[in-house]
Amino acid sequence: MSRPEEAESEPSDQPSPDEGILAGLNAQQRTAAGHGDGPLLIVAGAGTGKTTTLAARVAHLIQEDADPAGILLLTFTRRAATEMLERVARRLRGAMGDAGERAAREVWGGTFHGVAARVLRVYHAALGLPRDFSILDRGDTEDLLDLCRGRLELPSASGKGAGARFPKKAVCAAVLSRSANSGETVAETLETRYPHLMQHEAALRRLFDLYDEAKGEQNLLDFDDLLLFWEALAADPKAGPALRSRFPRVLVDEYQDTNVLQARLLKNLAPDGRGLTAVGDDAQAIYSFRAATIRNILDFGEHYPAATVLPLETNYRSTAAVLTVANAVIAAAAERHEKTLTATRQIGPKPLVVRCRDEAEQARFIADRVLELRESGLELDKQAALFRASHHSLALELELQKRDVPFKKFGGLRFLETAHVKDLLAFLRLAENPRDEISALRCLLLLPGIGRGRATKAVAALREAGGEFSTWADSPAPSGGASEWTAFVSLMQTLAANRDDLSSQIRRIRNLYRPLMEATYANAAERNRDLEQIELLAGRGRDRASFLADLTLDPPSSAAATAGPHEDEERLTLSTMHSAKGLEFEAVYVLNACQGGIPSDQAEDDAAIEEERRLFYVAVTRARTHLTICHPLTRHLKPRGLRDGYGFAELTPFLTPAALAGCEVMPASEDAVDAAPPTPAATVTAADVRAAIRGRRG
DNA sequence: GGTTAGCGGTTTTTT
DNA sequence: ACCGCTAACC
């Protein structure tokens, strides 16, 4: 694709041999990539070639003789790490040939959690941790907490009595995780975020203690443990120095979305900041719900007094027209690092703000426009629809389905979080770690004739037998499901031996599970296809433990993204704004840009509204050329305590007059011009009016 | 005693 | 779609 309108071309990862490893970078990028050993913060605005710069910096370090296996590259997603390391390899190949490419593969790249797991598998012995711990995802954490709550005989979550209500498992997990990630005590977290639960502080702390104990006994670590154990190792007076000399270089991407725990970990990995590089943009901080704090990036200079702070301000992604609107959106933010992004791409259409009658019209409009651009040569792969909450895309999904437009959806309920997928994996996880009681319970409860009572007893028997599944063969089969029980016990014994190829193990599980699934789910055939995907995903010769860990730490974001019958078919992207972080598209459609859509109606205090503003900014800055912001005039409302209904929706306040001045505002159809503004219900009804008309006729 | 079916009240964003 | 409760059923 040629883009003659560009004043400057995007930095390239294929340097010509005479320009050296930093070839193709602009002056600001070159300074950042070539910086020495001191602590470095790169404040990189949206689309300013952050990935290019970071990749060049890693390549530069390796060329300057840093041991690639001593470089940690911490990114927000695994995909970001993979992409970055590919770019490092490309640069190094130019400078060092094949040896350079091999060096790039030695870098330890991944998410904080992924790298933590890898570090702990290597250094487990230093902490007296077993090497083969299993990793709990969010759902597992909740289930185990729930189990512990039962053991403590705490009041249940939905008791009818008004005062006695104990928080639900999801809330308990949120409190615990927030406290771990923010560095606050449980009491502080309750006070600041959950004041209505303060009466339960003592009970919650007992619950969390028991949960920790259970994890210890069952050889489990949750997401937060991965970071906490890594931090403990780094902070240790004996092990810490060894870890530091093993990894003298640490580079962190998306630094604005790190939390107190992660900052503490980094401080322990590089106490004076030597070898530390952080890259981020305070204007794109959108993860405070995960305890991320913008203070990390704003206070970098105070945490590391020797720090150099370098900005990247030349935007290579978006046209000037798009950037004008983006700059106006973020200019209204309450607190921010002042920086001005300048565009290199001058020519492009004005962003559109489209008034739609309702969500259905919004869906039709977007589908029309996607196909129109597709006709003019812009592939579906280069277009994306972005929304605040996963369910906002429902109407659009229906419309696309109707018109046979292929799409893949990111964000929201994950493939791995669906019941049938979790069921299948529970068998594998139990075989891998027979002490894992959550997985054991899940498997047992699937079997006919086994409910809570028998399942609990079977788990206890397994524990006492030291994880030998043969102990189950001796106990009597339940009356209602003798054959299933026998098949299950023999399956577990086979899996425990771990002699078959992983995909044949999954095949065996599916054979047992399929009839059970057919009895439970109406759409068993569809679900069975998902399970086939897992079998394919497992591939050949895959190690079971690492397969399970990878799946937990880097879950496939959608079933369609994993594979499917038309794997390489081009598809439109549907994504939550959160999941679109770091990506770019030629054409972006923002859905539900209305009050209650973005900002979400869940956002209440000023800080939350500011974060919604940054989220909207993230969405807008994903667009390279075509930006279409849709605003339905009526919206499905579900206010607390009221019945469902439709209400008038105002345009998002984030499109300030200054931002709107850069846009072309248009209705999607004639209908969309005159939708009713908020009007109180009239005292007369249509029937009254008809009666009056009749009366007037005499 | 223990399992299963049915019902009513919730569901932002994610490693 | 999911959780937790209640009431029928073995």
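Just so it is clear: chains get the letters A, B, ... in the order the sequence lines come, proteins before strands, and each one is counted from 1.
Rounding to whole angstrom units, NZ of residue A:Lys168 and C1' of C:dG4 are separated by 9 Å. Here the P atom of nucleotide C:dA1 and the CG atom of A:Leu394 are 12 Å apart, to the nearest Å. Between the CG atom of A:Asp224 and the C1' atom of B:dT15 there is a distance of 9 Å, rounded to whole Å. Between the P atom of B:dT15 and the CG atom of A:Leu551 lies a distance of 13 Å, rounded to the nearest Å. One interatomic measurement links the two molecules: CZ of A:Arg138 to C1' of C:dC2, which rounds to 15 Å at whole-angstrom precision. Atom NE2 of A:His113 is separated from atom P of B:dT15 by 10 Å (rounded to the nearest Å). Between the CG atom of A:Leu386 and the C1' atom of B:dT13 there is a distance of 13 Å, rounded to whole Å. Regarding A:Leu221, its CG atom lies at a distance of 15 Å from the C1' atom of B:dT15, rounded to whole Å.
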Letter per nucleotide, 5' to 3', of nucleotides 1-6 of chain B [B base touched, S only sugar-phosphate touched, - untouched; heavy atoms, 4.0 Å]: -SSS--

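Using a 4.0 Å heavy-atom cutoff across all strands shown, A:Asp143 reaches no nucleic acid atom at all. Residue contacts for A:Ala603: at a heavy-atom cut-off of 4.0 Å it reaches no nucleic acid atom on any strand shown.
The shortest distance between the side-chain N/O atoms of A:Thr418 and the OP1/OP2 oxygens of C:dA1 is not below 4.0 Å. One finds a side-chain N or O of A:Lys169 lying less than 4.0 angstrom from the OP1 or OP2 phosphate oxygen of C:dC3. Taking only side-chain nitrogens and oxygens, A:Arg614 never comes nearer than 4.0 Å to OP1 or OP2 of B:dT13. Residue A:Thr77 places no side-chain N or O under 4.0 Å from the OP1 or OP2 atom of B:dT15.
Qualifying side-chain hydrogen bond (donor to acceptor under 3.5 Å, both in side chains) partners for A:Arg193, counting only residues two or more places apart in sequence or in other chains: none. Every residue two or more places apart in sequence or in another chain that forms a side chain to side chain contact (heavy atoms under 4.5 Å, CB included) with A:Ile609 is listed here: A:Pro599, A:Ala603, A:Phe654. Residues meeting the side-chain hydrogen bond (donor to acceptor under 3.5 Å, both in side chains) test with A:Thr486, sequence neighbours left out: none. In terms of the ring pair (Phe, Tyr, Trp, His ring centres under 6.0 Å) criterion, residue partners of A:His113 (sequence neighbours excluded) are, by chain and number, A:Phe223. Scored by the salt bridge (charged side-chain N to carboxylate O under 4.0 Å, His left out) test, A:Glu484 finds no partners at all (sequence neighbours excluded). Residues satisfying the side-chain hydrogen bond (donor to acceptor under 3.5 Å, both in side chains) criterion with A:Tyr255, sequence neighbours excluded, are absent altogether. The side-chain hydrogen bond (donor to acceptor under 3.5 Å, both in side chains) search around A:Lys215 returns A:Asp212, A:Asp222, A:Asp225, not counting sequence neighbours.
Screening residues 448-459 of chain A for salt bridge (Lys or Arg N to Asp or Glu O under 4.0 Å) gives no qualifying pairs among residues at least two apart or on separate chains.
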Canonical and wobble pairing (Watson-Crick, G-U, under 3.5 Å) of DNA chain B, dot-bracket with |: ||||||||||.....

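Heavy-atom distances under 4.0 Å link DNA chain B to A:Tyr287, A:Phe289, A:Arg290 of residues 283-292 of chain A, given in residue order.
Look at A:Asp257 and A:Lys581 and you find a salt bridge, because one of the NZ, NE, NH1 or NH2 atoms lies within 4.0 Å of a carboxylate O, short of that distance.
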List the atom pairs, with distances to 0.1 Å, where a side-chain N or O of residues 172-183 of chain A and a protein N or O form a donor-acceptor pair under 3.5 Å, not counting sequence neighbours.
residue: A:Ser177; atom: OG; partner: A:Asn181; partner atom: ND2; Å: 3.2
residue: A:Ser177; atom: OG; partner: A:Asp224; partner atom: OD2; Å: 2.8
residue: A:Arg178; atom: NH1; partner: A:Ser288; partner atom: O; Å: 3.2
residue: A:Ser179; atom: OG; partner: A:Glu184; partner atom: O; Å: 3.0
residue: A:Asn181; atom: OD1; partner: A:Asn259; partner atom: ND2; Å: 3.0
residue: A:Asn181; atom: ND2; partner: A:Ser177; partner atom: O; Å: 2.9
residue: A:Asn181; atom: ND2; partner: A:Asp224; partner atom: OD1; Å: 3.0
residue: A:Ser182; atom: OG; partner: A:Arg178; partner atom: O; Å: 2.6
residue: A:Ser182; atom: OG; partner: A:Glu184; partner atom: N; Å: 3.3
residue: A:Ser182; atom: OG; partner: A:Glu184; partner atom: OE1; Å: 3.2

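The side chain of A:Arg388 sits closest to B:dT13 out of B:dT15, C:dG4, B:dT13. Among the nucleotides B:dT12, C:dG4, B:dT15, the one closest to any side-chain atom of A:Gln602 is B:dT12.
The ring of A:Phe488 has its center closer than 6.0 angstrom to the ring center of A:Trp472. Close placement of the A:Phe289 and A:His578 rings is indicated, their centers lying within 6.0 Å of each other.
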